[in-house]
2 protein chains.
Amino acid sequence: MRTNIIDPPTTRIDAAAMAADHRRSIRQYESTPIPQADLTELLRLAARAPSAFNAQPWRFVVVQDPALKAALSAAAYGQQQILRAPATIVLYSDMVDALDRMPDSMHPDMPQDKRDAGVESFRATFANQSEAERETWGQAQANIALGYLLLLAESKGYATSPMLGFQPEKVKTLLGLPEHVRIPALVAIGYPAEEGFRPHRLPIETLMDFR
Amino acid sequence: MRTNIIDPPTTRIDAAAMAADHRRSIRQYESTPIPQADLTELLRLAARAPSAFNAQPWRFVVVQDPALKAALSAAAYGQQQILRAPATIVLYSDMVDALDRMPDSMHPDMPQDKRDAGVESFRATFANQSEAERETWGQAQANIALGYLLLLAESKGYATSPMLGFQPEKVKTLLGLPEHVRIPALVAIGYPAEEGFRPHRLPIETLMDFR
């Protein structure tokens, strides 16, 4: 019997670090769906990611309908995890929409003249770019939110499988997305039904330099 | 005096979600340095991010030397947070190095013939691309690690300020980086000495769609 009650040591457990260390691609999923409110909260958090000019060019389509999942899988060379996971998040970027919404992206605490100048500056940056240049930029920015999404999902106990092997034009047609958008990744998500493989990475010492 | 010792409720505190909600750009820093071992651990975790083909094209230079920080700030249009923060991480992507290291990027648990085929497939993907196409692809992939890095730093109690306004050619010359690399962002990092502004984002309802 314990006679002394001692406070536990105040070591902070870093759940984000644990998620980064543990996360791996999962291809087998329980059929249990993730409630829409929980998926919405996950996407809300992923969309907290920072972006240049606060442009937030990322957009999400969550595919849960069985027939649509089957069609999406077909557009992704038959990848089975789309059928097995209860949901697949189609992450796309849309700079036309981001440019349209720029007034709403400016911080409401800023005075109106500074907000107007911010919108002007953002639009001027892209005015002389081709559609391809602009959308390529937006697609790269969307990957910041992809990093957030994958780490946050793991931290919440969901498994994920990001996919880059798919036919973007077919996916756009299937979902009725505009021609100009880009699709950085499809992300199957659900509760894991396999251990998966431990991730392998290059030794960090070979990737960094202190000056 | 308590007579019953009750277990605390098992509500899981999601530190990653808290970090996503709280993170904001900080431009004023305490002078306290972050120990090199802690920065190394942060970069190790950021480099756990997934990438297509497990290419891991991200590389990091951590600038702490005062004279080099001053020169880096000058190459970033005089941005003061580089001078104020104890360290600035230069995140760059290098597809030439990623292609070279591809044999080490393949999973050691895979049989040798599959590893060889993986390297071959990766190199074939880029064989007919121009240097610009290849490096643009690597730069976009590096933003997945940027998302990881910013969220993990916040979770560990560090403040960050990602910067896109700089002259990449000057930064490369300063650090002796090859001409072909890309620099997705400079990230000032340290302990915060200001509250910063609450982040503002578009309502998630305007960015997502359930099917």
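Each chain gets a letter, A, B and so on, in the order its sequence line appears, and its residues count up from 1. Not measured: the values here are computed from a predicted model.
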Winner by heavy-atom pair count (cut-off under 4.5 Å) against chain A, out of [options]:
options: B/Arg23, B/Gln64, B/Gln56; result: B/Gln56
options: B/Asp109, B/Asp65, B/Thr136; result: B/Asp109
options: B/Leu146, B/Leu43, B/Leu39, B/Asp97; result: B/Leu43

Chain B heavy atoms under 4.5 Å from [X]: which part of the residue, side chain, backbone, both or neither?
X: A/Leu202; answer: both
X: A/Ala19; answer: neither
X: A/Leu42; answer: neither
X: A/Asn54; answer: side chain
X: A/Met106; answer: backbone
X: A/Arg24; answer: neither
X: A/Leu164; answer: side chain
X: A/Thr40; answer: both
X: A/Gln139; answer: neither

Side-chain heavy-atom pair A/Arg48, B/Asp21 within 4.5 angstrom cut-off
yes
Is any side-chain heavy atom of A/Ile204 less than 4.5 Å from a side-chain heavy atom of B/Leu45? no
Inset, instruction - Measure from the side-chain N and O atoms of A/Asn143 to the backbone N and O of B/Ala140, and report whether any donor-acceptor pair falls under 3.5 Å. - result: yes
task = Please answer whether the main-chain N or O of B/Val63 pairs with a side-chain N or O of A/Arg211 as donor and acceptor at a distance below 3.5 Å.
result =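 Pair absent, no side-chain N/O of A/Arg211 close to backbone of B/Val63.
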Between [atom1] of [X] and [atom2] of [Y], what distance do you get to the nearest 0.5 Å?
X: A/Arg44; Y: B/Glu205; atom1: CZ; atom2: CD; result: 9.5 Å
X: B/Leu150; Y: A/Ile144; atom1: CG; atom2: CD1; result: 7.5 Å
X: B/Phe60; Y: A/Leu207; atom1: CZ; atom2: CG; result: 7.0 Å
X: A/Leu149; Y: B/Leu151; atom1: CG; atom2: CG; result: 11.0 Å
X: B/Phe210; Y: A/Gln36; atom1: CZ; atom2: CD; result: 4.0 Å
X: A/Arg59; Y: B/Thr206; atom1: CZ; atom2: OG1; result: 6.5 Å

Q. Of the non-hydrogen atoms in A/His107 and B/Pro199, which two are nearest, and what is the gap between them?
A.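 Smallest interatomic distance, heavy atoms only, reads NE2-C, 4.3 Å.
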Here the pair of heavy atoms bringing B/Lys156 nearest to A/Ala17 is NZ-CB, 4.1 Å
Charged N-O contact under 4.0 Å between A/Asp104 and B/Arg201: no
